[in-house]
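Reading through the structure tokens given below for one structure.
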Amino acid sequence: MSKALPKRSENYSEWYNEIVKRAGLAENSPVRGCMIIKPYGFAIWEKMQRALDDMFKATGHENAYFPLFIPKSFLEKEEEHAEGFAKECAVVTHYRLKADPNNKGALIVDPEARLEEELIIRPTSETVIWNAYRTWIQSWRDLPILINQWANVVRWEMRTRLFLRTAEFLWQEGHTAHATEQEAIEETEQMLGVYEDFAENWMALPVVQGVKTANERFAGAVETYCIEALMQDGRALQAGTSHFLGQNFAKVFDVKFVNRENQLEYPWATSWGVSTRLMGALIMAHSDDNGLVLPPKLAPIQVVIIPIFKTEEDLARISERVEPIVAELRKAGISVKFDSDDKQRSGWKFAEYELRGVPVRLAIGARDLENGTIEVARRDNLTKESVTIDGVVETVKIVLEQMQEAIYQKALRFREENTFTVDTWDEFKMQIEKGGFVLAHWDGTPETEERIKDETKATIRCIPLNSAEESGQCVMTGNDSAERVIFARAY
RNA sequence: CGGGGCGUAGCACAGCUUGGUAGUGCGCACGGUUUGGGACCGUGAGGCCGCAAGUUCGAAUCUUGCCGCCCCGACCA
């Protein structure tokens, strides 16, 4: 195994692939397009899950679980939804194998065991869930229903990349039902806010809240809201979506409730999700040529302590000094690993924990014991300083907080420096080629959006929610436009 | 599905042109010397050379077919 990672500046996608594998986050599986999430990668995902789950609960949601298999007829009900997902569904047609009579040891699909109705492996769960809601919802008193599920889904993608786009991925999907349109829209916006909060305060990832254009809208939604982030190579990544589904699913699954006036009405729906794709965003937003850089709040190991020793006796003396520090850090809620393994040398460990993105490294050797000091190294800016052992726990707490903020600020600065306002077609093409968010006027038609995509590979990432009204002319057609939208090449 | 590349030890690869004992580095095991930024020496284990058929006295190497993977495009969170 070569020591150095490919450089971001030379080959960004190879850098990404290598970092995922070498930092022990994930690897390819025997099945094309699927991935094995390794313990260290899964530990990060678990921290994300925990934070998000707490936020969902805090906003009144409950977890439930709906099945992996969806009858094909369910998927067919909502026309746009069906069309949107049809071409990427895995389908179960049989329920039994049998020994191949012509080939000893081999198994074949038993032709006798064909399912009467094929089952789709869920690409998303609106249909099964709304089918269930039919019996759950009778009266306005049953509403709202605020459900979330943590699950895997399958979308048979042509081209896949670890975390960013895999055939099977893990996610959460919230599915809510409301008595009024207004309430459902508020829910959609609220959850988008939750995602923004999570992205910025946990992932240290600045995001733009916006609305998708018709072309980019979720299949079956009335309106799709999103948070969009900018990666270090200048490409955009959709980090989360929240959909206002109107009454589309209620109608096709015949879900009705009696309102206060004793009239039958269709409830209003939302759905919202984030996936293991966030892992890709996390990696691409912050990491450097030495490896992963993790925001402290999501780092499985926040502090690693590396003893520098020659003999068993040295190690024993260091351990004695380190153990109370470990205990104190843990008491402060900080996850810490004391790596006293003598099979690897300290230099190897330094490089390894940098690769894995451990935020703070403490190194302590005989010299430190004499001086009463310990070395504190920061992963984000690779600086190190010597501090007194007595104050190290306090120092670590401060450093972790500073890092969380510094990583966010760095990403924010990057986004600001890579957000451009352009007004001419030539400028537009040139800037898209260079990368970044490009703010430009658009005449609001799907046709123009499509033409721009064909010519530049750029899509409208979103119509920002809080952008100022500003009349202008469409960058491609010159037609009137009321506001700027964000264009970028995207993952 | 188009275009390109690759299948040889756990990993990364050489060997193939010109057929003749299966190799190198990393990793692994054991022993020793080392240890403040990816240590070194010695010994050792580990292979149906992607699969199948063919050519040949003899195939990792030549021929044909198949399978798989990766990268680039069209589709997408």
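Below, chains carry the letters A, B, ... as their sequence lines are ordered, and counting in each starts from 1.
With Thr395(A) as reference, Val387(A) is the one residue of Thr388(A), Leu400(A), Val360(A), Val387(A) to meet the side-chain contact (heavy atoms from CB on, under 4.5 Å) rule. Considering Val396(A), Asp390(A), Leu362(A) in turn, Leu362(A) is the only one that fulfils the side-chain contact (heavy atoms from CB on, under 4.5 Å) rule with Ile374(A). Checked against Glu354(A) for a salt bridge (charged side-chain N to carboxylate O under 4.0 Å, His left out), the options Arg378(A), Lys384(A), Arg379(A), Arg361(A) give a single hit: Arg361(A). Each of Thr124(A), Asn152(A), Thr276(A) was compared with Trp171(A) under the side-chain contact (heavy atoms from CB on, under 4.5 Å) criterion, and only Thr124(A) meets it.
Checking Thr176(A) against Thr270(A) by side-chain atom types alone, a donor-acceptor pair falls below 3.5 Å.
Side chain of Lys310(A), nearest nucleotide from rG38(B), rG36(B), rU35(B): rU35(B). With rG37(B), rG36(B), rC75(B) as the choices, the nucleotide that has an atom nearest any side-chain atom of Asp368(A) turns out to be rG36(B). In the set rG37(B), rC70(B), rG38(B), rG38(B) carries the atom at the smallest distance from any side-chain atom of Trp348(A). Ranking rG36(B), rA77(B), rC70(B) by closeness to the Thr166(A) side chain, first place goes to rA77(B). Proximity note for Glu352(A) (side chain, C-beta onward) versus rA77(B), rG36(B), rG38(B): the nearest is rG38(B). Side-chain proximity of Ile308(A) to the nucleotides rC69(B), rG37(B), rU35(B) is greatest for rU35(B). Residue Met158(A) has its side chain nearest to rA74(B) when only rG37(B), rU35(B), rA74(B) are considered.
Side-chain to base pairing of Arg345(A) with rG36(B): no donor and acceptor N or O lie closer than 3.5 Å to each other. Judged by distance alone, with hydrogens and angles left aside, Lys384(A) brings a side-chain donor or acceptor within reach of the base of rG37(B), the pair sitting under 3.5 Å. The base of rG37(B) sits with one of its N or O atoms less than 3.5 Å from a complementary donor or acceptor on the side chain of Glu354(A).
Following rounding to the nearest Å, Glu157(A) (CD) and rA74(B) (C1') show an atom-to-atom distance of 13 Å. One interatomic measurement links the two molecules: CD of Glu228(A) to P of rA77(B), which rounds to 10 Å at whole-angstrom precision. Atom OH of Tyr491(A) and atom C1' of rC75(B) are 18 Å apart (whole Å). The interatomic distance linking Leu162(A) (CG) with rC69(B) (C1') rounds to 13 Å, in whole Å. Between the CG atom of Asn290(A) and the P atom of rG38(B) there is a distance of 13 Å, rounded to whole Å. Atom CD in Glu18(A) sits about 13 Å away from atom C1' in rC71(B), given to the nearest Å. Note: CZ (Arg155(A)) to P (rA77(B)) measures 7 Å, nearest angstrom. The CH2-C1' distance, from Trp156(A) to rC75(B), rounds to 15 Å in whole Å.
Within the 4.0 angstrom heavy-atom criterion, base atoms lie near Leu164(A). Ser275(A) comes within contact range of at least one nucleobase, with a heavy-atom separation under 4.0 Å. Residue contacts shown for Lys87(A) are limited to sugar-phosphate atoms, with no base heavy atom under 4.0 Å away. Within 4.0 Å of Ala239(A), counting heavy atoms only, lies no atom of the nucleic acid at all. If you check every strand for non-hydrogen atoms under 4.0 Å, Phe169(A) touches a base.
Taking atom P on both rU24(B) and rG42(B), the two are 13 Å apart, rounded to the nearest angstrom. On the P atoms, rU64(B) is 23 Å away from rC69(B), given to the nearest whole Å. Nucleotides rC1(B) and rG37(B) place their C1' atoms 49 Å apart, quoted to the nearest Å. Between rC41(B) and rG27(B), the two P atoms lie 11 Å apart (nearest whole Å). Between rA14(B) and rG31(B), the distance separating the two C1' atoms is 31 Å to the nearest Å. Look at the P atom in both rG20(B) and rU63(B): the space between them is 15 Å, to the nearest Å. Between rA52(B) and rC13(B), the distance separating the two P atoms is 24 Å to the nearest Å. Separation of the C1' atoms belonging to rG47(B) and rA9(B) is 6 Å when rounded to the nearest angstrom.
Of the nucleotides present, rG25(B) is the one that pairs with rC11(B) by Watson-Crick or G-U wobble criteria, both distances under 3.5 Å. Across all strands shown, rA60(B) has no partner, as no Watson-Crick or G-U wobble contact with both distances under 3.5 Å is found. Judged by Watson-Crick or G-U wobble contacts below 3.5 Å, the nucleotide rC66(B) has rG50(B) as its partner. In this structure rC30(B) sits in a base pair with rG42(B), meeting the Watson-Crick or G-U test at under 3.5 Å. rG2(B) and rC72(B) make up a base pair, with Watson-Crick or G-U wobble contacts both under 3.5 Å. In this structure, rU18(B) forms no base pair with any nucleotide, since neither Watson-Crick nor G-U wobble geometry is met with both distances under 3.5 Å.
Of the two residues near RNA chain B, Ser29(A) and Thr241(A), the one whose nearest nucleotide lies more 5' is Ser29(A). Place Ala490(A) and Lys343(A) on RNA chain B by their nearest nucleotides, and Lys343(A) ends up nearer the 5' end.
Of all heavy-atom pairs between Ala151(A) and Tyr65(A), the closest is CB-CE1, 4.2 Å.
When the side-chain nitrogen and oxygen atoms of Asn17(A) are compared with OP1 and OP2 of rC71(B), one or more of them lie within a distance under 4.0 Å. Distances shorter than 4.0 Å separate none of the side-chain N or O atoms of Arg367(A) from OP1 or OP2 on rG36(B). Listed pair Arg22(A) / rC11(B) fails the phosphate criterion, with no side-chain N or O lying under 4.0 Å from OP1 or OP2. Residue Arg161(A) places none of its side-chain N or O atoms closer than 4.0 Å to OP1 or OP2 of rC71(B).
Residues Asp233(A) and Arg8(A) fail the side-chain proximity criterion, which asks for heavy atoms closer than 4.5 Å.
Between Asp53(A) and Arg50(A), no side-chain nitrogen of the basic residue sits less than 4.0 Å from a carboxylate oxygen of the acidic one, so the salt-bridge criterion is not met. Using a 4.0 Å cut-off between a side-chain N of Lys or Arg and a carboxylate O of Asp or Glu, Lys429(A) and Glu433(A) do not qualify as a salt bridge.
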